[in-house]
Amino acid sequence: MFKWKENLSCGIEEIDNQHKQLLKLGSELYDIFKLDDEHDKYDDIMEILSKLADYTVYHFGYEEQLLETYEYPNLESHKKQHQVLVVKIQDLLKQDIDSKQSSITMDLMMFIADWIERHILGSDHQYASFLIEKGV
Ligand SMILES: [Fe+2]
Ligand SMILES: [Fe+2]
């Protein structure tokens, strides 16, 4: 589910590397999901949520900066899609994670898998073609 596939490549090496890092965090989440329910997952969940929160700030900031520099016309709607994932993570952090360990892990995993796939293949590939045309 969180494996890098060549079709995910957008043709810009640095962006691909950052996306690989996001997938890596996704597969760490999957590892937590696979632990049996007897296992207390609280610390692992908190750790992955904090890594995801940090990494999305970094990656989205990097993309948005680049898109601003090249005056990408769809920047605002792109930012909104980033915001959806940021808000999802913030919402989860407000929940009682300890009592809902398995459902939260599952929920976040499915959400991220779907979001990554659609956002990278759709919106990120779209801006990448624009940037490549601009000579990036
Ligand atoms: Fe991205
Ligand atoms: Fe993006």
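For this chain, numbers begin at 1 and follow the sequence in order. FYI, side chains are in, hydrogens and waters are out, and symmetry mates aren't considered; it's all heavy atoms of this structure. Remember, it's 1-based here, ligands and their atoms both numbered in the order they're listed.
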- Item | Angle subtended at the Fe ion (ligand 1) by E63 OE2 and D124 OD2, rounded to 10 degrees | 100°
- H78 N/O/S atom closer than 2.8 Å to the Fe ion (ligand 2): yes
- Do K134's NZ or CZ and the ring of Y70 fall within the cation-pi criteria of under 6.0 Å and 45°? no
- Message: Taking N, O or S atoms only and a limit of 2.8 Å, check whether H19 reaches the Fe ion (ligand 1).
- Response: yes
- Relative to the ring of Y58, is the ring of Y62 parallel (under 30°), tilted (30 to 60°) or perpendicular (over 60°)? tilted
- Query: Using the ring of each side chain (for Trp, its six-membered ring), is H82 parallel, tilted or perpendicular to W115, with breaks at 30° and 60°?
  - Reply: tilted
- Note on the structure: Interatomic distance, CZ@F2 vs CG@L22, rounded to 0.5 Å, equals 10.0 Å
- Please determine if the Fe ion (ligand 1) has an N/O/S atom from H119 lying under 2.8 Å away. no
